[in-house]
Protein chains: 2
Amino acid sequence: MPRAEKTKPAEAGARQRLIEATAKVMRDEGYAAATSRRVAAEAGVKQALVYYYFPTMDDLFVEVLRAGAEASLQNMRAALTDDDPLTTLWQINTDLRRTALNTEFMALANHRKAIRAELKAYAERVRDIETAAVTVALRAKGIDLEDYPPVAVSMLIVQIARSLCNENAVGVTLGHDEMRTFMERLLDLWGGQGGDRPQR
Amino acid sequence: MPRAEKTKPAEAGARQRLIEATAKVMRDEGYAAATSRRVAAEAGVKQALVYYYFPTMDDLFVEVLRAGAEASLQNMRAALTDDDPLTTLWQINTDLRRTALNTEFMALANHRKAIRAELKAYAERVRDIETAAVTVALRAKGIDLEDYPPVAVSMLIVQIARSLCNENAVGVTLGHDEMRTFMERLLDLWGGQGGDRPQR
DNA sequence: GTCTATAGTCCGATAGAC
DNA sequence: GTCTATCGGACTATAGAC
């Protein structure tokens with residue numbers, strides 16, 4: 001088994017480099033551009049080597065998804081113990097690199113069974129962790145969990161953050177300032193450090 | 001000029017049939033599947049005819065986007081005069097056919113300049129109309145427009161509705177019931193028929 | 001306006017040398 | 001483990017007959 005798991009992509013194993021190269025191409029040019037030739041060139045290997053490590057291109061895509069999923073889950077678990085999990089949740093989903101890749105996988109999953117199954121499993125695990133973190137935050141703030149179901153609050157935060165990123169990527173920014181300000185107020189109201197004076 | 005603008009796709013002109021066929025293929029199989037051969041077959045014509053009507057495939061995509069945009073704008077203008085515009089806004093963006101196509105165009109726009117420009121222009125026109133409708137509704141309800149900027153409220157409604165559809169399409173439904181209930185409450189609070197008792 | 005035919009490119013995937 | 005070489009197919013777009 002090769003040592004040095006934590007090296008830079010340049011000197012990592014070919015398999016790892018292929019996964020990272022595929023993620024990069026998907027982010028920059030869309031999943032349709034992530035062909036075996038294109039990702040091999042990006043990783044500095046020849047096209048046929050892709051099929052030594054991955055039976056089909058879909059298998060490679062699934063591995064890219066898994067790698068990103070594991071990284072995301074690590075981040076989320078850290079957010080759970082944070083002192084302001086709601087803001088952390090917002091910030092994580094404001095990362096363009098992450099959201100761009102997520103969008104590509106949503107599009108891919110719409111039409112590829114194997115990827116759909118993997119994405120579903122991952123999305124639900126992430127949502128469970130997010131919901132747990134939000135539950136703690138709302139409870140600390142004395143907010144009625146019946147009125148504000150943690151799973152709904154966490155979905156709202158995540159999806160609005162992502163949609164701002166997605167729109168930004170295509171140059172749409174109308175209303176974004178107002179939306180960000182509005183969300184900052186909500187994040188503070190629902191999860192700020194203050195005690196239990198939730199509604200004003 | 002040919003008569004009978006309002007006929008069914010089957011007997012409409014080839015150009016119109018190609019536009020509708022392309023929309024269908026994009027919805028069902030993703031933009032990557034919308035090749036000249038595929039859409040021509042769907043429209044019942046030969047592949048080369050696509051290039052008689054559209055210089056490139058991107059030009060065809062832009063026409064599909066325009067057609068959908070005009071239809072959407074019509075719907076939105078109707079929502080403006082509705083007695084519950086917020087719920088109407090929610091319902092329009094809960095239509096799977098519309099949101100699926102929208103998602104494909106967002107993905108396309110991420111990597112195709114011509115489509116990005118067209119999508120941006122359309123998205124901002126739609127948002128203006130939505131914001132106008134929401135402004136009227138919030139004002140009628142006596143809600144402070146400083147605390148609840150109409151553009152933010154309309155973005156929130158639209159984006160959450162769409163994200164439920166998008167997740168549904170890939171089989172993710174965890175938390176959806178809670179989210180829908182939560183949004184129903186918000187829609188009623190912000191735009192229900194009741195007078196001006198906004199916060200409880 | 002619609003067709004056939006084709007040029008030229010790129011694709012996924014496999015066979016087999018080293 | 002990485003390579004060269006190649007098959008068969010699909011793609012965009014064009015040329016030109018009818």
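The model shown is predicted, which means the values in this text are computed figures rather than measured ones. Naming: A, B, ... by sequence-line order, numbering from 1 per chain.
When rounded to the nearest whole Å, the span between CZ of A:R112 and P of C:dG12 equals 9 Å. Residue B:F54 contributes atom CZ, which lies 15 Å from atom P of D:dT14 at whole-angstrom precision. The CZ-C1' distance, from B:R17 to C:dG1, rounds to 12 Å in whole Å. Protein atom CD of A:Q16 is 13 Å distant from nucleotide atom P of D:dT2, rounded to whole Å. For the pair B:M57 CE and D:dA10 P, the interatomic distance rounds to 16 Å; values are reported in whole Å. Taking atom CG of residue B:L49 and atom P of nucleotide C:dC3, one finds them 6 Å apart after rounding to whole Å. Between A:R38 atom CZ and C:dG12 atom P the separation is 12 Å, expressed in whole Å. Rounded to whole angstrom, the span from the NZ atom of B:K46 across to the C1' atom of D:dG16 amounts to 18 Å.
When each of C:dA13, C:dT4, D:dT2 is scored by its nearest atom to the side-chain atoms of A:T56, the top-ranked nucleotide is C:dA13. Nearest to the side chain of A:A48, among D:dC3, D:dT14, C:dT2, sits D:dC3. Nearest nucleotide to the side chain of B:T35, out of C:dG1, D:dA15, D:dC11: D:dC11. When each of D:dT4, C:dA13, D:dT2 is scored by its nearest atom to the side-chain atoms of A:Y52, the top-ranked nucleotide is D:dT2.
With hydrogens and angles ignored, a donor-acceptor pair closer than 3.5 Å exists between the side chain of B:Q47 and the base of D:dA13.
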Q: Under the side-chain contact (heavy atoms from CB on, under 4.5 Å) rule, what do B:W90 and B:L164 come out as? Steps first, then yes or no, please.
A: CA-CA 11 Å; B:W90 173 262; B:L164 286 180; 3.8 Å; yes
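Nucleic acid contact class of A:V45 (heavy atoms, under 4.0 Å, all strands): sugar-phosphate only.
Salt-bridge check for A:K120 with B:E167: failed, with every basic side-chain N at 4.0 Å or more from each acidic carboxylate O. Of the charged side-chain nitrogens involved, at least one lies within less than 4.0 Å of a carboxylate oxygen, so that B:E70 and B:R125 count as a salt-bridged pair. Taking 4.0 Å as the cut-off between side-chain N and carboxylate O, A:E20 and A:R17 do not count as a salt-bridged pair.
Residue order along DNA chain D, read from the 5' end via each residue's closest nucleotide, puts A:Y53 first among A:R37 and A:Y53.
Close placement of the B:Y148 and A:F182 rings is indicated, their centers lying within 6.0 Å of each other.
Contact between the side-chain N/O atoms of A:Y51 and the OP1/OP2 oxygens of C:dA15 is not found at any separation under 4.0 Å.
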